[in-house]
Amino acid sequence: MRYWLLKSEPSTFSIDDLAASPHATTSWDGVRNYQARNMLRDQMKKGDLAFFYHSSCDEPGIVGIVEVVKEGYPDHTAFERGSRYYDPDSDPAAPRWYMVDVKLKRRLARTITLAELRRHAKELAGLPLLQKGNRLSVMPVDPSHWKLILSLEHAAR
DNA sequence: GCCAACGTTGGC
DNA sequence: GCCAACGTTGGC
């Protein structure tokens, strides 16, 4: 079992949106980066857990935990003319982009902010989120990092 | 709104 | 294959 972190802009799709989705489940569509695609397609397995991270907002940080409930399959939004994720170069016979389905496990008791994570940069060394210039929207999280981050949830700030 | 950092594109 | 130009991400 592996751990991950998934970024989403709350103005586009927030944890509230996920909670309001049927079965609190959504397809993680619209990823258009090859490195992230490879992880979605090849590495994320049913039962894996991921932090749900809000980016590009007032308080960037981790707000919940989701579980992978369906493994990588073609992202059909790439074939849909008019979709904001349409990619004319993705051939349905050889799909370029992939997605997984995730289900909300729970919200965190509070947002664990990026600023707070940075304060633990030493323990979280190697976490791509904290690396300069990192823009990956899907990234692996070491089990030790996962544990440390979760321990912050109920700790004094 | 600014801008640094990055990935992708396309000319050569 | 190189690399400049461009578009995007995302924190601040």
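In this entry the distance linking CG of A:L5 with P of C:dT9 reads 17 Å, nearest Å. Taking atom CG on A:L129 and atom P on B:dC6, their separation rounds to 14 Å, with Å as the unit. Regarding A:Y34, its OH atom lies at a distance of 15 Å from the P atom of C:dT8, rounded to whole Å. B:dA4 atom P lies 10 Å from atom NZ of A:K132, rounded to whole Å. Look at NE2 on A:H54: it is 19 Å from C1' on C:dC12, rounded to the nearest Å. Put simply, CZ on A:R37 is 14 Å from C1' on B:dT8, counting in whole angstrom units. In this structure, the CG atom of A:N134 is 14 Å from the C1' atom of C:dT8, given to the nearest Å. B:dT8 atom P lies 13 Å from atom CG of A:D89, rounded to whole Å.
Within the 4.0 Å cut-off from OP1 or OP2 of C:dT9, not a single side-chain nitrogen or oxygen of A:K7 is found. Between A:R96 and B:dT8, a side-chain N or O to OP1/OP2 separation shorter than 4.0 Å is absent. The side chain of A:Y53 contributes no N or O atom lying less than 4.0 Å from OP1 or OP2 of C:dT9.
Among the atoms of the strands shown, only primed sugar atoms or phosphate atoms (P, OP1, OP2) are found under 4.0 Å from some heavy atom of A:S55. Contact annotation for A:R32: no contact, since no heavy-atom pair falls under 4.0 Å across all strands.
Outside the 6.0 Å centre-distance limit, the rings of A:W97 and A:Y73 are not counted as a close aromatic pair.
Distances were taken from every side-chain heavy atom of A:Q35 (C-beta onward) to each of B:dG7, C:dC12, C:dG10; the shortest belongs to B:dG7. Comparing C:dT8, B:dT8, C:dG11 by their closest approach to the side chain of A:R135 singles out C:dT8.
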request  = Dump the intermediate steps for ring-ring contact (aromatic ring centres under 6.0 Å, His included) on A:F52 and A:W4, then the final yes or no.
outcome  = CA-CA 9 Å; A:F52 191 113; A:W4 305 92; over 10 Å; no
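Following chains of ILVMFWY side-chain contacts shorter than 4.5 Å, one can reach A:I65 starting from A:M139, so the two form part of one hydrophobic cluster.
The aromatic rings of A:W28 and A:F13 sit perpendicular to each other, their planes meeting at more than 60°, with 30° as the lower class boundary.
The only member of A:R96, A:R41, A:R32 that meets side-chain hydrogen bond (donor to acceptor under 3.5 Å, both in side chains) when paired with A:D75 is A:R32.
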